There are 2 protein chains.
Amino acid sequence: MINQGADLDRAFHALADPSRRLIVERLARGPASVSELARPLTMSLPAVMQHLQVLEACSLVASEKAGRVRTCRIEPEMLRRVEQWVARQRTTWERRLDRLGDYLAEDQQEGIQR
Amino acid sequence: MINQGADLDRAFHALADPSRRLIVERLARGPASVSELARPLTMSLPAVMQHLQVLEACSLVASEKAGRVRTCRIEPEMLRRVEQWVARQRTTWERRLDRLGDYLAEDQQEGIQR
DNA sequence: AAGATAGTTAAGCATCCACTTGACTGTAGT
DNA sequence: ACTACAGTCAAGTGGATGCTTAACTATCTT
């Protein structure tokens, strides 16, 4: 529990790369092989492999090899954790704004009543 | 519209750093000065400044200077965009799983009917 | 068995990142 | 005026990142 942030470090970092996000977007539509993932990317196969390793290292993606083809798929749990962290900050902020709004409205009421 | 991904690149990269996430978590609870943000971080003030510049460059944070103190606050729009991208991938994946479940259930039905 | 396909490993390289220290600027309190 | 405070600018450094090419392995196809 102490270092649970390190997972988020890696996940956010993994998603900071447009090629890796493209891979995730593709995998969200269903499993795919390495070369299928590589096709839309303008880089060498080893480079794609390295991106996949980054995505696997932070559990955003999983893969198994059957014969000579490795099939990759989304691992939704980490996606959920990333989403939750972001949502938490946003809602914390928005709830605070609401309270502030209430306070100001109250204040205005008092002003009127005087 | 063409390069809207570059914003996400920067936002995800910004959030990949634990110190920067700590800053965002703090700001979600309300505006704060630079030194207030620096207090829990074990690094020099210029380092904190650089983190803030990263957060401002991708519009996750905004700030104004009044007198000698710069007050920083969350800029929720980019947080929303990050959240939406992640949510989109997750839901795309989950809807696909649902369809797959339906298909399998249907298949089982046919099997029974035969 | 020979060749094509799919992926993997290793090494090297340019660039970027997070941080530091030191010098400096503008504002506030006394 | 003068000292402290809050923040800023600039330059440098060590280590990580994203890519490349070349060589290699394992599996399918004919």
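Remember, predicted model here, so these are calculated numbers, not experimental data. Sequence lines set the chain letters: A, B, ... in the order given, protein chains first and strands last, and positions in each chain run from 1.
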> Which residues satisfy the side-chain contact (heavy atoms from CB on, under 4.5 Å) test with V24(B), sequence neighbours excluded?
Replying inline: W85(A), Q89(A), L15(B), L55(B), I74(B)

>> Give me each pair satisfying salt bridge (charged side-chain N to carboxylate O under 4.0 Å, His left out) with a member in residues 9-23 of chain A, each pair once, sequence neighbours excluded.
In response: D7(A)-R10(A), D9(A)-R21(B), R21(A)-D9(B)

>> Checking R90(B) now: which residues fulfil side-chain hydrogen bond (donor to acceptor under 3.5 Å, both in side chains) with it, not counting sequence neighbours?
In response: E83(A), E94(B)

>> To the nearest 10°, give me the bend of the helix from dA1(C)-dT30(D) to dT30(C)-dA1(D), comparing the axes of its five terminal pairs at either end.
In response: 30°

> Of all residues at least two apart in sequence or in a different chain, which pass the side-chain contact (heavy atoms from CB on, under 4.5 Å) check with P46(B)?
Replying inline: S44(B)

> Do any side-chain nitrogens or oxygens of S44(A) fall under 4.0 Å of OP1 or OP2 in dC19(D)?
Replying inline: no

>> Whole angstroms only, please: what is the CD-C1' distance between E64(A) and dA6(C)?
In response: 17 Å

> According to the ring-ring contact (aromatic ring centres under 6.0 Å, His included) rule, which pairs have a member within residues 24-54 of chain A, sequence neighbours left out?
Replying inline: none

Identify each donor-acceptor pair in which a side-chain atom of residues 28-37 of chain B lies under 3.5 Å from a protein atom, sequence neighbours left out, and give them as a table.
unit_1	atom_1	unit_2	atom_2	d
R29(B)	NH1	E25(B)	O	3.0
S33(B)	OG	E36(B)	N	3.2
E36(B)	OE2	R26(B)	NH2	2.8

> Where along nucleotides 5-18 of chain D does protein come under 4.0 Å, by heavy atom, of base (B) or sugar-phosphate alone (S), with - for untouched nucleotides?
Replying inline: BSBBB-------SS

Got a list of side-chain donor-acceptor pairs under 3.5 Å for residues 57-68 of chain B, not counting sequence neighbours?
unit_1	atom_1	unit_2	atom_2	d
S63(B)	OG	E56(B)	OE2	2.7
S63(B)	OG	R70(B)	NH1	2.9
E64(B)	OE2	R73(B)	NH2	2.7

>> I'd like to know whether M49(B) forms a side chain to side chain contact (heavy atoms under 4.5 Å, CB included) with Q53(B), so could you lay out the CA-CA distance, the side-chain angles of the two residues, the decisive distance to 0.1 Å, and finally the verdict.
In response: CA-CA 6 Å; M49(B) 289 276 306; Q53(B) 277 161 20; 4.0 Å; yes

